[in-house]
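The structure appears below as structure tokens.
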Amino acid sequence: MSETLTTPQFAGSVGVPVLEVDDLHVEFRTTYGTVSAVNGITYSVNKGETLAILGESGSGKSVSVQAVMGILDTPPGFITSGSIRFHGEDILKMSSHKQRILRGPGIAMVFQDALSSLNPVFSVGHQIGEMHRAHQGASRREAKAKAIELMERVGIPAARERVNDYPHQFSGGMRQRVMIAMALALDPEILIADEPTTALDVTVQAQIMELLSDLQADTGMGLILITHDLGVVNEVADRVAVMYAGKIVESGTIDEVFTSPTHPYTAGLMSSVPQAESKGTRLNPITGQPPNLAAIPAGCSFHPRCPHARVGSAAAPGRDCAVEVPDLREVRPGRKSGCHYSEELYGE
Ligand code: SF4
């Protein structure tokens, strides 16, 4: 009996998770040692919701979604534990055939570098229509018609005339729209956008984010936005998970996390953003560098950079920042922080 995918489009209701990632661990086994890229992250995404996963380069955010999409390079990358449930069914326990048919109608992804993600020797229409040919057995004519429809939907002008053009004939912003059209081809329930605007100038960035928001409003899909850009997060996300050294160190609604952070790393990120009203004053960058994931510091991984770290005799019993790993725990309703001293530093 052939396997089927029990993924009714937009099943459930707002507030019911479509995707649930639970205690996910990913490591890379290299000749230089084991790199712990994702160290037990947990999150969920509901229908129609935007979750931003925010972090510096090397925080593990992109690897975590590659694991969700099943596109980790294995070896050297391995999911060592955890679960990734789609409508309650663990993707990691599905056959590879079933995982393949999940990609597209279930979960789709927009990559950050459209030029290197698109195939230079095929027209954009061919690449967009290919999803329909591969998943739905569409004819060439049907696939081309669908490609034109999708190009129009993502705002590519003169789609009918441009459907046979090649990626290099489009601007960076238009290429990113092509990538979004490909991702939307099968009406995914979850769209993962990995730094979708990184290579674009500011005005085009805003247009792409507006397009993603409009498409989300139209389709009801859940959106996972991977970014290091606080401005992008602030504009479009409902909730944010802040990642550091392969872990989520803070999570909550965007308004709460940005106005009253409960973790020193998030607070540091906020104070390092230029503010129009404080023009001429010095920025407060977080000192030091993110840790090497092959040698993550003991205790709280942020402690070598944390201005509030308490170590040795300065620490409370069982809460030495250089020894004890803080749990991500609820510190306020709907707010989680992975800091031993969250309440002391930021109040209940
Ligand atoms: Fe800083 Fe300690 Fe909190 Fe880590 S646990 S963020 S080192 S105060």
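Heavy atoms only: backbone and side chains are in, while hydrogens, waters and symmetry mates are out. Throughout, residue positions are numbered sequentially from 1 according to the sequence presented. In listed order, ligands and their atoms are each counted from 1.
- A chain of hydrophobic side-chain contacts below 4.5 Å, direct or via other Ile, Leu, Val, Met, Phe, Trp or Tyr residues, connects I296 to V35.
- Under 4.0 Å is where a charged nitrogen must lie from a carboxylate oxygen, and between E256 and R332 no such pair does.
- Here C339 has heavy atoms under 4.0 Å from ligand 1 in both its backbone and its side chain.
- How far CD1 of I53 is from CD1 of I248: 6.0 Å, rounded to the nearest 0.5 Å.
- For atom 4 (Fe) of ligand 1, the closest non-hydrogen atom on the protein side is C300 SG, 2.3 Å.
- Residue-ligand proximity, H308 to ligand 1, at heavy-atom distances under 4.0 Å covers atoms 8 (S).
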(request) Report the C-alpha distance between R319 and Y341 in whole Å, list the side-chain angles of each, state the deciding distance to 0.1 Å, and finish with yes or no for side-chain contact (heavy atoms from CB on, under 4.5 Å). (result) CA-CA 8 Å; R319 291 192 286 165; Y341 298 99; 3.4 Å; yes
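- If you look at H263 next to ligand 1, the close heavy atoms, those under 4.0 Å, all belong to the side chain.
- The closest side-chain donor-acceptor pair between E189 and H87 falls under 3.5 angstrom.
- Look at C306 and atom 1 (Fe) of ligand 1: an N/O/S atom of the residue is under 2.8 Å from the metal.
- Atoms of ligand 1 found under 4.0 Å from any heavy atom of A309, numbered from 1 in the order shown, are 7 (S).
- With hydrogens and angles left out, the side-chain atoms of H263 and S337 include no donor and acceptor closer than 3.5 Å.
- For atom 5 (S) of ligand 1, the closest non-hydrogen atom on the protein side is H340 N, 3.3 Å.
- Of all protein heavy atoms, the one closest to atom 2 (Fe) of ligand 1 is C321 SG, 2.3 Å.
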